[in-house]
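For reference, the structure discussed in these notes is given below.
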Amino acid sequence: MADSVRVERDEDRVVATLDRPDVRNAIDREMIDRLHLLCAELEAVPRVLILTGAGGVFASGADIAQLRERGAADARAGINTHAFRRIRDLPMPVIAAIDGYALGGGAELAYAADIRLGAPSARIGNPETGLGILAAAGATWRLPEIVGPARAAEMLLTGRVLDADEAYAWGLLNAVHPADALLAAAHALTDRIVANDALATRYTKRALLSPDAAHPAVELDLQAELFERPEKHRRMTAFLERRKR
């Protein structure tokens with residue numbers, strides 16, 4: 001299988017780079033298969049995932065040549081939908097580092113992340129209705145969670161593409177960094193995440209992803225388990241000793 005997704009692994013993080021430069025990292029079936037393999041790895045051994053794109057582009061969208069030939073059965077199969085939802089549900093946080101275009105399916109992949117960082121060149125949007133389809137791989141439910149229903153409706157119904165400043169102002173980007181510092185910023189954010197207790201981080205993400213009806217029971221159950229762990233006592237003791245100094 002070609003390296004349409006290049007993966008660099010470390011003990012506490014994985015960097016996945018979308019790399020189809022001839023088509024601006026358009027998401028094809030092979031890339032989806034690679035993302036499923038990566039998800040299986042991160043479900044088994046949880047680590048922070050940094051998603052980025054090669055060549056100054058995150059992902060220009062789904063591969064239109066493949067998408068044009070898909071029919072009703074393919075739509076119902078949710079080829080991109082299930083991969084992006086699996087990324088969303090990974091145990092540890094996912095950070096998207098967006099340089100250049102993140103359009104259509106590329107935008108929906110970015111929406112699956114917990115945190116999105118952008119370069120000044122970032123352009124994010126969903127032009128699907130102009131192609132006679134809808135954004136069906138997460139945008140209609142995930143984007144309203146991020147930017148609110150009115151702004152999501154404007155983006156999805158008009159095909160509006162936000163630049164980096166607009167995306168930051170709307171809360172779609174957490175921060176904007178120079179392109180040559182974007183990946184370093186993603187690693188710095190990862191450093192802050194992995195300095196915390198891994199299980200507490202995983203449980204926090206689980207609570208964040210839980211439906212409204214699950215609260216507050218989900219937090220209380222997860223907290224009860226964390227309260228009984230030696231790691232909680234160790235970290236709190238260390239905190240109190242530092243405060244005495």
Can you tell if the side chain of [X] reaches within under 4.5 Å of the side chain of [Y], non-hydrogen atoms only?
X: Leu18; Y: Val5; answer: yes
X: Ile98; Y: Arg116; answer: yes
X: Arg229; Y: Arg234; answer: no
X: Glu128; Y: Glu108; answer: yes
X: Ile193; Y: Pro93; answer: yes
X: Arg34; Y: Asp3; answer: yes
X: Leu49; Y: Leu51; answer: yes

**Study point:** Test side chain to side chain contact (heavy atoms under 4.5 Å, CB included) applied to Leu38 and Ile87, Leu90, Asp33, Val7, the passing residue
**Key:**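 Among Ile87, Leu90, Asp33, Val7, the one that satisfies the side chain to side chain contact (heavy atoms under 4.5 Å, CB included) with Leu38 is Val7.
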Can you check whether [Y]'s main-chain N or O pairs, donor with acceptor, with [X]'s side chain at less than 3.5 Å?
X: Gln66; Y: Arg29; result: yes
X: Lys205; Y: Pro91; result: no
X: Ser60; Y: Ala102; result: no
X: Arg13; Y: Val48; result: no
X: Thr17; Y: Asp19; result: no

Could you pull out all residues at least two apart from [X] that satisfy side-chain contact (heavy atoms from CB on, under 4.5 Å)?
X: Leu189; result: Ile95, Ile115, Leu117
X: Arg123; result: Tyr101, Val161, Asp163
X: Arg235; result: Asp197, Glu231
X: Ala119; result: Asp99, Ser121, Ala179, Leu182

Search all heavy atoms of [X] against all heavy atoms of [Y] and return the closest pair with its distance.
X: Ala59; Y: Asn25; result: CB-O, 3.5 Å
X: Thr52; Y: Ala97; result: OG1-O, 3.1 Å
X: His215; Y: Ala207; result: CE1-O, 3.0 Å

Members other than [X] in its cluster, when Ile, Leu, Val, Met, Phe, Trp, Tyr link by side-chain heavy atoms under 4.5 Å?
X: Leu226; value: Leu199, Tyr203, Val218, Leu222
X: Ile133; value: Ile64, Leu67, Leu131
X: Leu209; value: none

Exercise for review: Sort and list the pairs that fulfil side-chain hydrogen bond (donor to acceptor under 3.5 Å, both in side chains) and have at least one residue in residues 174-184, not counting sequence neighbours.
Suggested key: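 Every pair satisfying side-chain hydrogen bond (donor to acceptor under 3.5 Å, both in side chains) with a residue in residues 174-184: there are none.
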Practice item. For residues 59-86, pull every pair meeting salt bridge (Lys or Arg N to Asp or Glu O under 4.0 Å), keeping only residues two or more places apart or in separate chains. Key: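 Pairs touching residues 59-86 that pass the test: Arg20-Asp63, Glu43-Arg86, Arg85-Asp89.
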Counting only pairs under 3.5 Å, give me each side-chain donor-acceptor contact of residues 236-245, with atom names and distances, residues two or more places apart or in other chains.
residue	atom	partner	partner atom	Å
Thr237	OG1	His233	O	2.7

Point to revise | salt bridge (charged side-chain N to carboxylate O under 4.0 Å, His left out) involving Asp221 - partner list, sequence neighbours excluded | key: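 For Asp221 there are no salt bridge (charged side-chain N to carboxylate O under 4.0 Å, His left out) partners, ignoring immediate neighbours.
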**Study point:** Step-by-step side chain to side chain contact (heavy atoms under 4.5 Å, CB included) determination, Val194 to Arg47
**Key:** CA-CA 9 Å; Val194 300; Arg47 284 159 287 173; over 6 Å; no
Donor-acceptor contacts, no H, no angles, side chain residues 138-149, under 3.5 Å, sequence neighbours left out:
residue	atom	partner	partner atom	Å
Arg142	NE	Tyr111	O	2.7
Arg142	NH1	Glu145	OE1	3.0
Arg142	NH2	Ala113	O	3.3

